[in-house]
Chemist: 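Below you'll find the structure I mean.
Every heavy atom of this structure was used, including side-chain atoms; hydrogens, water molecules and symmetry mates were not. Each residue takes its place number in the sequence, starting with 1.
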Amino acid sequence: MAVGMSIASEGGGYNGRMTSFVVLSCMMAATGGILFGYDIGISGGVTSMEPFLKRFFPEVYTKMKQDTRISNYCKYDSQLLTLFTSSLYVAGLIASFFASSVTKAFGRKPSILVGGVAFLAGSALGSAAFNLYTLILGRILLGVGVGFANQSVPLYLSEMAPFRHRGAINNGFHFSLGIGVLSANLINYSTQKIKGGWGWRVSLGMGAVPAAILTLGALFLSETPISLIQRSNNHQKAKLMLQRVRGTEDVQAELDDLIKASEMSKTLKTPFWKMLETKYRPQFVMATAIPFFQQVTGINVVGFYAPVIFRTIGLGESASLMSTVVTGVVGICGTLLSMLIVDKFGRRVLLMVGGIQMLISQIIVGIIMATQLGDHGGLSEVYGFVVLIFICTYVSGFSLSWGPLGFLIPSEIFPLEIRSSGQSITVAVSFLFTFIIAQTFLAMLCHFKSGSFFFFGGWVAVMTVFVYLFLPETKNVPIEQMDRVWREHWFWKRIVGQEYQVSKVDEKE
């Protein structure tokens, strides 16, 4: 049985090259990833800072400092503490559906702009927080910003990129996310040394820097050609933009496909419900499965709670924050490698290789913590170093595969008529399970202890098999011709093949 497939494509006669205009536009839009990454890194860092805990979560601080009977795994088990982290993702989930309407009706650029402004306001409020309520309100605004950015930026990147380089360009979003994580980790490491205990305010407030860059940059972004056609039906204006984007005047073949896709999209009045139709079944499955799997790799646990995990195994405050800097550098290197090879080796290979790498790393970390870390005390220096090494190995595997490709694949598989809605579902599912995992992990760590790593490792095994069986290869396929990958896949052709034949007959009639 052939479970995978690779499609060789010449782009249906598409012409063009990678232009400086595309590079600069996508670099600016991709800074939206810094917002998400910065928040992931900052959240974990400030929740390990003693002045922050003492001010907003005194019960956690007391357990950590004074309760000598409590297990290593349970020192940070506080639903209120996890609410600080996870509240952002509830807001992001809700905001992503509003972002879908804005993105479709007004364009990708306004959604990116809204994301920047909301994150800017949330950073300011978080930095100035004087009680838990203002702290959570700031997190909600950050969630709105991340929701809009995550919904619109991957779409923008995939629509602007030449199809042969779409993987590398779209992976720039996750590369920016990695820069955000690393920047946050460096800032956390520096600010926790500030005397007076107000370093956490600097950490939270510095999120305004990438938000300001994205907000100002979005004012100068150009809309994607397909968005121009979809909103204004001005084919000449879209053609001029497409010529500028592709660096050639011969863009008629691609323009015709964009116009055809736009006309079809206008016949749909309820795109969210349309995704439940049989002909969109593969896209709907991937829109829900990919973000779900991306979250149950356990990566956001490492992102949110890496300092907590490192303190659990016996590292001090400074050492735990420095360890997150190391994992941040590893993550950026892994994403950079993914950008360089994703359009050569394809999506499936990277997902499977990265999955195996993550699985092995999680098993080893779980075994070490199960056999060497008790409820009290810490790991020896040697075992602590080994845990750090394999967490870095895990992070590099994720950054090579499920990290960037979890954003890339959903953004490139939807036909235009359901593209904005499909991306919103992807983002919403991602935020939903990010919230669930963020809200439950500290309790899971307390009850499962080292078994937490085996739990996530089991999911990594499942998703690797899923990719092998059900995900077709999408490299080198133009985004407006993506429907054929499902018609030629060993499994999905049984579902969508008959629908396609019916639609072709209807067109002839």
Side-chain angles (χ1 to χ4, degrees), residues 16-40 95 99 102-103 106-123 142 144-163 165-184 206-228 231 237-238 240-247 332 335-336 338-340 342 403-404 407-408 411-412 419-420 423 427 479:
R17 55 184 174 83
M18 182 70 77
T19 63
S20 58
F21 178 75
V22 168
V23 171
L24 292 174
S25 296
C26 290
M27 284 177 62
M28 178 53 64
T31 57
I34 296 179
L35 306 186
F36 195 17
Y38 188 86
D39 179 77
I40 291 173
V102 173
T103 301
F106 301 102
R108 285 56 172 156
K109 175 179 173 177
S111 281
I112 295 174
L113 185 61
V114 171
V117 171
F119 200 92
L120 186 62
S123 297
L142 293 176
V144 173
V146 172
F148 270 83
N150 283 22
Q151 197 277 341
S152 55
V153 171
L155 285 184
Y156 185 91
L157 299 178
S158 287
E159 291 179 349
M160 289 290 281
F163 72 92
H165 304 287
R166 189 174 60 245
I169 289 291
N170 194 281
N171 282 7
F173 180 78
H174 194 265
F175 183 74
S176 296
L177 189 154
I179 291 175
V181 171
L182 178 60
S183 300
M206 287 295 289
V209 175
I213 294 173
L214 180 65
T215 302
L216 293 175
L219 296 174
F220 299 97
L221 286 178
S222 299
E223 271 297 348
T224 65
I226 185 59
S227 181
L228 292 174
R231 293 183 300 109
K237 184 178 180 180
L240 293 174
M241 178 57 67
L242 192 59
Q243 289 173 338
R244 186 181 182 189
V245 167
R246 300 292 178 243
I332 287 180
T335 304
L336 182 59
S338 182
M339 291 174 67
L340 295 174
V342 65
F407 295 105
L408 166 62
S411 73
E412 66 183 358
R419 187 171 300 158
S420 184
Q423 182 68 11
V427 173
I479 196 169

Chemist: Rounded to the nearest 0.5 Å, how far does CZ of Arg166 lie from CG of Leu157?
Modeler: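 Answer rounded to 0.5 Å: 12.0 Å.
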
Chemist: So if I apply the side chain to side chain contact (heavy atoms under 4.5 Å, CB included) rule between Phe119 and each of Val144, Ile34, Val146, which one comes out positive?
Modeler: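 Testing each of Val144, Ile34, Val146 against Phe119, the sole residue satisfying side chain to side chain contact (heavy atoms under 4.5 Å, CB included) is Val146.
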
Chemist: Working to the nearest 0.5 angstrom, can you tell me the gap between Asn170 CG and Met339 CE?
Modeler: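 So the CG of Asn170 and the CE of Met339 are separated by 10.0 Å.
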
Chemist: If you look at every heavy atom in Leu35 and Leu214, which pair is closest and at what distance?
Modeler: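 What the structure gives for the nearest pair is CD1-CD2, 3.6 Å.
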
Chemist: Mind checking whether Phe175 and Ile332 have side chains closer than 4.5 Å, heavy atoms only?
Modeler: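 Result yes, sub-4.5 Å side-chain heavy-atom pair found.
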
Chemist: State, to 0.1 Å, how close Ile112 and Leu221 come at their nearest heavy-atom pair, and which atoms those are.
Modeler: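 Smallest interatomic distance, heavy atoms only, reads CD1-CD1, 4.0 Å.
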
Chemist: Can you name the closest pair of heavy atoms from Glu159 and Arg246 and give their distance?
Modeler: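 Reported closest heavy-atom pair: O-NH2, 3.7 Å.
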
Chemist: Counting only N and O atoms by type, is there a donor-acceptor contact under 3.5 Å from the side chain of Thr19 to the main-chain atoms of Gly247?
Modeler: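 No, Thr19 side chain to Gly247 backbone: no donor-acceptor pair under 3.5 Å.
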
Chemist: Would you please test Val22 and His165 for side chain to side chain contact (heavy atoms under 4.5 Å, CB included) and show each step?
Modeler: CA-CA 11 Å; Val22 168; His165 304 287; over 6 Å; no

Chemist: Would Phe163 and Ile479 count as a side chain to side chain contact (heavy atoms under 4.5 Å, CB included) if you check the C-alpha gap in whole Å, the side-chain angles of each, and the deciding distance to 0.1 Å?
Modeler: CA-CA 7 Å; Phe163 72 92; Ile479 196 169; over 6 Å; no

Chemist: Write down the atom of Ala211, the atom of Gly116, and the distance for their closest heavy-atom approach.
Modeler: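 In terms of heavy atoms, the two residues are closest at CB-O, 3.6 Å.
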
Chemist: Assess whether atom CZ of Phe106 is packed by more than 12 heavy atoms of other residues, nucleotides or ligands within 6.0 Å.
Modeler: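 No, because the 6.0 Å sphere around CZ of Phe106 holds 12 heavy atoms or fewer from other groups.
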
Chemist: Would a 4.5 Å heavy-atom cut-off, applied to side chains only, mark Met160 and Ser227 as touching?
Modeler: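 Met160 vs Ser227: side chains apart.
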
Chemist: Taking Ser222's backbone N and O only, do any of them form a donor-acceptor pair with Lys109's side chain (distance below 3.5 Å, no angle check)?
Modeler: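 It does not hold such a pair.
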
Chemist: Ignoring hydrogens and geometry, is there a side-chain-to-backbone donor-acceptor pair from Ser158 to Leu155 under 3.5 Å?
Modeler: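 Checked: no pair found.
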
Chemist: Using a 3.5 Å distance criterion without hydrogens, assess whether the side chain of Thr31 forms a donor-acceptor pair with backbone atoms of Met28.
Modeler: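 Yes.
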
Chemist: Please say which of Tyr156, Phe36, Phe407 ends up in a ring pair (Phe, Tyr, Trp, His ring centres under 6.0 Å) with Phe173.
Modeler: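 Filter result, single survivor: Phe407.
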
Chemist: Under a 3.5 Å cutoff, is there a donor and acceptor pairing between the side chains of Ser152 and Thr103?
Modeler: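 Note: Ser152 and Thr103 side chains miss the donor-acceptor criterion.
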
Chemist: For a quick test of reading the model, state the closest non-hydrogen atom pair linking Gly207 to Ser123 and the distance between them.
Modeler: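 Closest pair (atom of Gly207, atom of Ser123, distance): C-OG, 3.3 Å.
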
Chemist: Looking at Gln151 and Ser420, would you say the former's side chain and the latter's main chain have a donor-acceptor pair under 3.5 Å?
Modeler: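 Checking the backbone N and O of Ser420 against the side chain of Gln151, a donor-acceptor pair under 3.5 Å is found.
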
Chemist: Would you say that Met18 contacts Ile169 through its side chain, given a criterion of any heavy-atom pair below 4.5 Å between the two side chains?
Modeler: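 Side-chain contact under 4.5 Å: yes.
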
Chemist: What's the shortest heavy-atom distance between Gly172 and Ala30, and which atoms?
Modeler: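 Answer, listing the atom of Gly172 first, then Ala30: O-CB, 3.9 Å.
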
Chemist: Taking the side chain as everything from C-beta on, heavy atoms only, tell me whether Pro162 gets closer than 4.5 Å to Arg17.
Modeler: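 A side-chain contact under 4.5 Å is absent here.
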
